[in-house]
2 protein chains.
Amino acid sequence: MEIQLQIKMNEKLFLRDPEQSELGKKIILHSIQLIHLNGFEAFTFKKLAEAIGTTEAGIYRYFENKHRLLIYLTAWYWSWLEYRVTFHTHNIKDPVVKLKMVIKLLATTVEDDISTRHVDESILHQIIITEGSKAYLTKRVSEDNKDHLFKPYKDLCAVIGNMILDCNTKYKYPKSLASTIIEMAHLQNFFMNNLPSLTDFGKNKDEAEIVLFLEDLVFSSLHSTQ
Amino acid sequence: MEIQLQIKMNEKLFLRDPEQSELGKKIILHSIQLIHLNGFEAFTFKKLAEAIGTTEAGIYRYFENKHRLLIYLTAWYWSWLEYRVTFHTHNIKDPVVKLKMVIKLLATTVEDDISTRHVDESILHQIIITEGSKAYLTKRVSEDNKDHLFKPYKDLCAVIGNMILDCNTKYKYPKSLASTIIEMAHLQNFFMNNLPSLTDFGKNKDEAEIVLFLEDLVFSSLHSTQ
DNA sequence: TTTGCAAAGATAGTGTTACTATCATTTACA
DNA sequence: TGTAAATGATAGTAACACTATCTTTGCAAA
């Protein structure tokens, strides 16, 4: 049995759906590799076209510009992560166990899990750690938000927020705590590997310790009697 | 009595010290305004030169490129904030009260406080919220770190980490909690104003609520019996 | 079998960005 | 008054971020 996951993306994320053609899939595959290799700033459509063996104009038929492509990749990533969260927390009754699973999924490098043909999820995960926030840290954020480009991110945050409430109905900041977990799962990973003195994980560089930190943070807040 | 604050910056942050000349000070003043107005991506040395009334080449004598200028601005900001933290927590004995003061300083818009002639601190604060993380989220981060360009940020983080330990010597993640507070003070503010569904502050858009959230987060962790 | 049409390929062109170089002029100050 | 440093003025280049147009290919309905 081979299962293939297909994620349906908002049409405003692209000009032409990259999932619907060979060229489109190549754009996704190679853009992930190139961004990972040189970083988003050094990434250009010209280099991407050369890597694929097509021309710049060809890429522009799929994506307005490289920033839109980044938004597409992040949206895809968050959709995929929400699916993984749903999948891996299914049948878990205890909300605490559930939330621990989510923290683990957020903060741990993906092995081959639920996979897709044309996306390398573990490299994409690395990209989102370094480049993900650049998708929304712009002057255009409100317009892009109106086009629902960040919906997958907000949906995931809402799902986690609800799980937090399942642990403690009286907790006052479920959404902020959810976005804090999501962002910190990535940022502590970046710091651990690049600016280790900003973390307590520099010695072992072990993702498992980030999980422990986040668990302590979350469940202290949720069990607090303050 | 008029007090002027002068912050001594690492020499690797610039080619020529902008604090030492009128042109240099104009570069700082106007770059802050322009980045705030159009965002860092749309900011160019040409536009900056036009705003100042000098030429591109003139700017390049002070800063290698716009990314270095951003690093300079962030480094200045974190140095200034560390000074404010030291100043405002001085003479406070209770470590909990001290840490609460820090959270307030991090998460609240600055009014005219400890001021400098050529830097608009409240606009700079806004810039750091949106653009600050772009200073280190790059492929060059390790090299830049070797040049100590992020020292002010790391110093502030260390100071806060020690205050955390003063509250609870046994707490296991002082540095990670410190970087979490710093980053979240900014990011929750950005989300509140731009992607409010990621927070619990969308209704009132009140920074004071971010302070309460962070206090709850921090002191739950530090008083936790888990 | 033809026609028709969308996707992709090929090529060219434009304005802007991110620099680098050079030389003349002003300013500071010794 | 002389000299060096800072600044101003101008020019130039390679890469980037697009846009336009025209041709070719493949495939499907008439």
Side-chain angles (χ1 to χ4, degrees), chain A residues 9 11-31 34-35 37-73 118 131 134-135 138-140 143-144, chain B residues 9 11-31 34-35 37-73 118 131 134-135 138-140 143-144:
Chain A
M9 305 291 289
E11 304 222 332
K12 296 227 174 173
L13 284 164
F14 47 75
L15 297 172
R16 183 174 299 166
D17 188 353
E19 308 254 5
Q20 299 303 318
S21 72
E22 281 313 305
L23 180 58
K25 286 173 193 166
K26 276 192 199 166
I27 290 173
I28 304 305
L29 182 74
H30 288 88
S31 64
L34 276 179
I35 294 173
L37 196 62
N38 306 315
F40 184 66
E41 279 71 34
F43 169 76
T44 70
F45 276 7
K46 190 167 192 187
K47 288 177 196 164
L48 176 59
E50 276 163 24
I52 296 174
T54 182
T55 57
E56 259 183 296
I59 317 283
Y60 277 104
R61 288 185 182 119
Y62 283 82
F63 293 99
E64 257 181 82
N65 53 53
K66 70 172 186 168
H67 185 249
R68 282 295 173 118
L69 174 52
L70 179 65
I71 295 180
Y72 178 91
L73 293 177
H118 57 288
E131 321 289 356
K134 296 172 191 169
T138 69
K139 281 280 157 188
R140 283 191 50 93
E143 293 163 65
D144 289 345
Chain B
M9 305 292 289
E11 303 221 333
K12 295 228 174 173
L13 284 164
F14 46 75
L15 297 172
R16 183 174 299 166
D17 188 353
E19 308 254 6
Q20 299 304 318
S21 72
E22 281 314 306
L23 180 58
K25 286 173 192 167
K26 275 191 197 167
I27 290 173
I28 302 306
L29 182 74
H30 288 87
S31 64
L34 277 179
I35 293 173
L37 197 62
N38 305 314
F40 184 65
E41 279 71 34
F43 169 77
T44 69
F45 276 7
K46 191 169 190 185
K47 289 177 195 163
L48 177 59
E50 275 161 26
I52 296 174
T54 182
T55 58
E56 260 183 295
I59 318 283
Y60 277 105
R61 288 182 182 122
Y62 283 82
F63 293 99
E64 256 181 82
N65 52 52
K66 71 172 185 167
H67 185 249
R68 282 296 173 117
L69 175 51
L70 179 65
I71 296 180
Y72 178 91
L73 293 176
H118 58 288
E131 321 289 356
K134 296 171 191 170
T138 69
K139 282 281 158 188
R140 282 191 51 93
E143 291 163 67
D144 288 346

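A note on names: the letters A, B, ... follow the listed sequences, proteins ahead of strands, and every chain is numbered from 1.
- Residues B:Tyr72 and B:Met9 share a closest heavy-atom pair of O-CE, 3.7 Å.
- For A:Ala57, counting side-chain heavy atoms from C-beta on, the closest listed nucleotide (C:dT11, C:dC19, C:dT17) is C:dT11.
- Dashed line: the shortest gap from a side-chain N or O of B:Thr54 to OP1 or OP2 of D:dG8 is under 4.0 Å.
- Both B:Leu23 and B:Glu56 sit near DNA chain D, but only B:Leu23 has its closest nucleotide nearer the 5' end.
- The shortest distance between side-chain heavy atoms of B:Tyr60 and B:Glu56 falls below 4.5 Å.
- Between B:Ser21 and the phosphate of D:dT7, there is a side-chain N or O to OP1/OP2 separation shorter than 4.0 Å.
- Following rounding to the nearest Å, A:Leu15 (CG) and D:dA17 (P) show an atom-to-atom distance of 16 Å.
- Put simply, A:Tyr62 has a side-chain N or O that comes within less than 4.0 Å of OP1 or OP2 on C:dA8.
- Here B:Lys134 pairs with B:Glu41 in a salt bridge; the nearest charged N to carboxylate O distance falls below 4.0 Å.
- Contact annotation: A:Arg61 side-chain N/O to C:dA6 OP1/OP2 distance is not under 4.0 Å.
- Whole-Å rounding puts the A:Lys26 NZ to C:dG9 C1' distance at 12 Å.
- Distance B:Lys46 NZ to D:dG12 P: 14 Å, rounded to the nearest Å.
- At the heavy-atom level, B:Thr55 lies under 4.0 Å from base atoms of the strands shown.
- Residue contacts shown for B:Tyr60 include a base, since a base heavy atom lies under 4.0 Å away.
- Computed from coordinates, the B:Ile52 CD1 to D:dA9 C1' distance equals 16 Å when rounded to whole Å.
- In this model, a donor atom of one side chain and an acceptor atom of the other lie less than 3.5 Å apart for A:Tyr62 and A:Ser21.
- Here D:dC16 presents its C1' atom at 14 Å from CD of A:Glu41, a figure rounded to the nearest Å.
- The separation between A:Phe40 atom CZ and D:dC16 atom P is 13 Å, rounded to whole Å.
- The distance between atom CD of A:Glu19 and atom P of C:dA7, rounded to the nearest whole Å, is 16 Å.
- In A:Lys139, the NZ atom is crowded: over 12 heavy atoms of neighbouring residues, nucleotides or ligands sit closer than 6.0 Å.
- When rounded to the nearest whole Å, the span between CD of A:Gln20 and P of C:dA8 equals 11 Å.
- Among the protein residues, B:Lys66 comes within range of the sugar-phosphate backbone only, with heavy atoms under 4.0 Å from sugar or phosphate atoms but none that close to a base.
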